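Let me begin by presenting the structure, written as structure tokens, before commenting on it.
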Amino acid sequence: MEKNEFKKFWKLGKKEFNTHHFDINNDGELIIREGNYQYNVYDLARKFDASIKIYLPFIVEERLSNLINVFNKNMKQIGYRGKYIYHFPMKVNQNKEFVLPLVAEGAHLEVTSANELWVVKKMWEGENFHSKIRVLCNGPKSAQYLKLIQHLHDNNLTITPVIETLDEADLLKDFKGEVGIRLNMEVKVNSHWDKKIDRFGLLPDEILDLGKIRNLKILHYHLGSQIIEDGGMIAALKEAFKTYIALRRLNPSLDTIDIGGGFAVPYQKKKLYGVEPVVKRIIKTLYDLSKKHGVPHPNIITEWGQYIVAPSQLTVFKVIGSKNIVKGVAKKWYLIDGSFMNDLLDTWAIHQKWHVIPVNHLNYKKKERVWIGGLTCDSDDKYADADGYVTLPRLEDLQAGEDMYIAVLDTGAYQDGFAMHHCLLSSPAKIVLQNGLVTVARKRESPEEIGKLFGW
Ligand SMILES: *Cc1c(COP(=O)(O)O)cnc(C)c1O
């Protein structure tokens with residue numbers, strides 16, 4: 001087989017799958033390209049003794065600047081006069097090395113808890129922000145959370161609490177800054193949100209019954225994560241616009257629609273909708289509806305989280321052993337020095353499927369159907385693709401003294417916040433690749449550090 005055929009087999013080098021930075025070198029090893037720089041993942045895995053997480057900040061920068069350009073370009077093309085504003089939902093990845101480059105690239109922020117807002121306070125006081133940054137506050141407003149919102153407002157941060165309950169409408173009625181309100185719609189879309197009854201936000205009638213809401217600026221909704229069909233996004237936008245129009249009659253200061261998160265990532269390397277056609281449809285829908293109802297074009301906020309950050313990280317595990325499977329669609333267990341359950345919790349929580357590829361021997365013809373087992377003693381600590389197995393090179397084809405490493409792609413969203421310490425395992429080290437330089441953002445946790453978390 002030609003190198004290009006291997007590349008095709010492992011679905012590398014494809015923009016629609018977010019693998020265009022990945023390639024295979026002549027020795028069959030995984031490499032990552034950043035402009036003229038090149039990184040060898042196999043060398044990194046050996047040097048830093050995988051398991052490791054490899055974070056690529058240039059990818060989040062590229063994705064965000066592309067998204068902002070796509071909105072601005074298409075708004076200009078049809079004469080849309082509202083603005084586009086991107087808010088990064090911090091719950092998707094709160095790590096400093098993710099948040100700071102996003103803010104530098106023009107992201108505003110969205111937080112869901114008092115502790116996330118505490119991080120914002122730290123950045124605000126440390127002057128890590130430009131003074132025009134905007135912060136949206138979702139999630140239940142505890143007394144501590146409200147106090148911090150007020151404090152940051154008093155310190156001149158543009159902070160907008162989003163009202164999610166009737167109690168919050170009351171608690172925020174004397175707030176001097178702008179506020180938003182969250183709409184809970186009947187429209188449901190096919191997404192990672194299987195709850196029939198939503199506990200977030202207020203029904204259209206509840207919102208309209210509030211009448212005049214002081215300094216109301218934003219109507220917000222969030223449909224769920226990983227929305228599978230883009231048509232659902234447009235249907236929801238049309239539905240939300242009905243409330244927007246009615247609410248604007250009572251509150252002329254309302255000028256922004258925040259459509260929340262949910263833009264999907266092709267984790268399984270099957271083609272999904274592209275960003276440009278969806279953005280075009282959003283703008284066109286709002287353009288037409290505004291014209292029909294004789295209102296100015298609203299500003300548009302999106303909080304697409306995993307779309308921006310998931311493809312910017314991969315997790316690399318070393319295969320440390322194998323076992324035969326007597327009865328099953330796979331023939332072998334590959335046991336890794338790491339844990340799906342701890343390090344990629346969504347495999348366990350929502351049966352997330354990822355793209356798993358070898359880091360070395362990407363050019364081996366003979367392959368094995370395997371299940372991957374983690375290092376905890378838990379029977380749930382395992383992984384197989386949607387087909388019921390993972391295809392990987394055979395261990396018996398390795399040379400003496402050689403190890404096999406595997407990479408799980410697109411692990412930059414949610415998994416760090418979810419990480420656990422089942423069986424007191426350490427989280428992997430985190431390596432950052434940028435401008436040709438390799439830096440260690442987080443070392444692998446020592447037994448002392450883990451012990452401390454448990455009072456030892
Ligand atoms: C979780 C969440 C997001 C991000 O969702 P993604 O699926 O990562 O895009 C955005 N907004 C709100 C309110 C959320 O709760």
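When a ligand or atom number is given, it counts from 1 through the structure's own listing order. Everything numeric in this text was worked out from a predicted model, so none of it was measured.
- For ligand 1, the polar-atom distance check against Glu303 finds a nitrogen or oxygen pair separated by under 3.5 Å.
- Looking at Asn138 next to ligand 1, no N or O pair under 3.5 Å apart turns up.
- A side-chain donor-acceptor contact under 3.5 Å links Glu116 and Thr112.
- Contact annotation for Tyr307 and ligand 1: no heavy atom of the residue comes within less than 4.0 Å of the ligand.
- The shortest heavy-atom distance from Ala413 to ligand 1 is not under 4.0 Å.
- Side chains of Asn155 and Glu125: a donor-acceptor N/O pair is absent below 3.5 angstrom, by distance only.
- Looking at ligand 1, you won't find any N or O of Gly260 less than 3.5 Å from one of its N or O atoms.
- Heavy-atom contacts of Gly261 reach the following atoms of ligand 1: 5 (O), 9 (O), 10 (C), 11 (N) (cutoff under 4.0 Å).
- A donor atom on one side chain and an acceptor atom on the other are not found under 3.5 Å apart for Thr160 and Glu178.
- An N or O contact shorter than 3.5 Å links Lys91 to ligand 1 by distance.
- No donor-acceptor contact under 3.5 angstrom links the side chains of Tyr414 and Gln352, judged on distance only.
- Those atoms of ligand 1 with a heavy atom of Glu110 less than 4.0 angstrom away are 13 (C).
- For ligand 1 and Gly305, the ligand atoms under 4.0 Å from any heavy atom of the residue are 6 (P), 8 (O), 9 (O).
- Between Gln306 and ligand 1, an N or O atom pair is found at a separation short of 3.5 Å.
- Ring centers of Tyr244 and His293: at least 6.0 Å apart, outside the cut-off.
- Tyr383 and Asp385 share a side-chain donor-acceptor pair at under 3.5 Å.
- Close contacts between ligand 1 and Tyr414 involve ligand atoms 1 (C), 4 (C), 5 (O), 6 (P), 7 (O), 8 (O) [criterion: under 4.0 Å to a heavy atom].
- For ligand 1, none of its N or O atoms has an N or O atom of Val92 under 3.5 Å away.
- Using modelled atom types and a 3.5 Å distance limit, the side chains of Ser51 and Arg444 yield a donor-acceptor pair.
- Taking every non-hydrogen atom of Gly262 and a distance limit under 4.0 Å, the qualifying atoms of ligand 1 come out as 5 (O), 6 (P), 7 (O), 9 (O).
- In this structure, a donor-acceptor pair under 3.5 Å is present between the side chains of His422 and Asp378.
- Residue contacts with ligand 1, taken as heavy atom pairs separated by less than 4.0 Å, involve Ser225 via backbone and side-chain atoms alike.
- Stacking of Arg63 on the aromatic ring of Tyr307 is recorded, both the 6.0 Å distance cut-off and the 45° axial limit being met.
- Every atom of ligand 1 is numbered from 1 in the order shown, and the set under 4.0 Å from a heavy atom of Trp304 is 9 (O).
- Interface of His220 with ligand 1, defined as ligand atoms under 4.0 Å from a residue heavy atom, comprises 13 (C).
- The two atoms that bring Phe22 and Lys7 nearest to each other are O-CE, 4.4 Å, heavy atoms only.
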